[in-house]
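Order of listing sets the numbers, starting from 1, for every ligand and every atom in it.
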Amino acid sequence: MDKKELEIALQRCRGFESPKIELEQYVTPAGVAAEMLVLALLRGDIRGRVVYDLGTGTGRLGIGAALLGAKRVVCVDVDEEALRIAEQNAGKFAIDNIEFIREDVRGISGRADTVLQNPPFGVHRRGADRVFLSKAVEIAPVVYSIHKRSTRNFVLRYLKELGCRAAELVEVVFELPRSYEFHRKERKHVDVDIYRILVE
Ligand code: SAH
């Protein structure tokens with residue numbers, strides 16, 4: 001499956017029914033998810049690996065990892081409603097090595113080979129992105145994470161504090177359809193970075 005095929009497959013996933021702003025529920029655009037997943041695949045971080053998707057939302061990153069040959073995928077989200085949609089989405093594909101756990105990321109333990117995540121950007125709840133980063137590097141040696149470009153310096157500094165480094169940074173644009181009442185435009189563009197993070 002190449003990047004374009006993966007993107008088309010992920011577009012079959014339903015989005016959030018009634019997104020909760022306090023949890024910063026935005027669907028990861030299929031193209032951005034495919035970009036992250038193929039990078040991880042090429043680096044040897046997906047096939048045959050145990051992959052966690054933290055803040056899985058509607059499940060795209062975890063489902064994509066399963067489609068690309070992960071050994072086992074664990075999807076975690078605090079929101080029951082989102083998980084229900086993620087499970088439905090997974091049901092559209094011939095994958096059976098994927099599980100869903102309702103839990104605050106702060107509470108999870110376990111060991112992964114790779115973490116994939118599109119965490120809250122920490123815009124609506126300050127520090128929400130930190131919670132995800134610190135947990136991710138605690139449970140896996142390699143982490144792929146998406147952050148707003150405007151927070152790059154902050155993220156890089158925080159990674160250093162955690163004893164990690166950003167081995168790669170890929171710049172992409174998030175095109176989000178209008179999903180909240182307070183959005184004034186039909187579409188919104190957000191510059192983001194995909195990080196490949198290594199625990200030193
Ligand atoms: N990749 C997902 C989007 C993630 S949006 C997709 O394509 O659908 C961020 C997700 O993090 C949301 O689903 C939100 O419910 C979840 N979340 C926010 N704070 C959380 C926490 N403390 N613990 C677990 N999940 C959390």
Distance-only, no hydrogens or angles: does the [X] side chain make a donor-acceptor pair with backbone N or O of [Y] under 3.5 Å?
X	Y	result
Asn89	Arg14	yes
Arg12	Lys92	yes
Glu5	Asp2	yes
Glu24	Pro119	no

Out of all atoms in ligand 1, which are within 4.0 Å of some heavy atom of [X]? Include the element for each.
X	answer
Gly57	8 (O), 13 (O)
Asn118	1 (N), 4 (C), 5 (S), 9 (C)
Gln25	12 (C), 13 (O), 14 (C), 15 (O)

Quick one: look at [X] and ligand 1, take heavy-atom pairs under 4.0 Å, and tell me if it's side chain, backbone, both or neither.
X	value
Phe16	side chain
Leu54	neither
Glu103	backbone
Glu24	backbone

So which protein heavy atom does [atom] come closest to, and at what separation?
atom	value
atom 15 (O) of ligand 1	Asp77 OD1, 2.8 Å
atom 3 (C) of ligand 1	Tyr26 O, 3.1 Å
atom 25 (N) of ligand 1	Val78 N, 3.3 Å
atom 8 (O) of ligand 1	Thr58 OG1, 2.6 Å
atom 22 (N) of ligand 1	Asp104 OD1, 3.2 Å
atom 17 (N) of ligand 1	Phe132 CZ, 3.9 Å

Heavy-atom side-chain contact between Arg72 and Val51 under 4.5 Å: no

Residues Glu103 and Arg106 bridged, charged N to O under 4.0 Å: no

Do Asp79 and Gln25 have a side chain donor and acceptor closer than 3.5 Å? yes

Any donor-acceptor pair under 3.5 Å linking the side-chain atoms of Asp45 with those of Thr114?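 Short answer, no.
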
Which is closest to atom 10 (C) of ligand 1 by heavy-atom distance: Gly55, Pro119, Gly59?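 Heavy atom nearest to atom 10 (C) of ligand 1 belongs to Gly55.
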
Of the listed options (Ile108, Asp79, Thr56, Thr28), which comes nearest to atom 7 (O) of ligand 1 when hydrogens are ignored and any heavy atom counts?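 Shortest heavy-atom distance from atom 7 (O) of ligand 1: Thr28.
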
Is the charged tip of Arg43 near the ring of Tyr144: under 6.0 Å from the six-membered ring centre and within 45° of its axis?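 Not satisfied by the 6.0 Å and 45° rule.
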
Ligand 1 and Val105, any nitrogen or oxygen pair closer than 3.5 angstrom? yes

Could you pull out all donor-acceptor pairs under 3.5 Å where a side-chain atom in residues 29-42 meets a protein atom, sequence neighbours excluded?
residue : atom : partner : partner atom : Å
Glu35   : OE1  : Lys3    : NZ           : 3.2
Glu35   : OE2  : Lys3    : NZ           : 3.3

Is there a heavy atom of Asp53 sitting under 4.0 angstrom from any atom of ligand 1?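 Asp53: no contact with ligand 1 (<4.0 Å).
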
Within less than 4.0 angstrom of ligand 1, does Ala128 place any heavy atom? no

Is there any salt bridge (charged side-chain N to carboxylate O under 4.0 Å, His left out) pair reaching into residues 149-163, and which pairs are they, with sequence neighbours excluded?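 Found Arg149-Glu171, Arg149-Asp193, Arg152-Glu171, Arg152-Asp193.
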
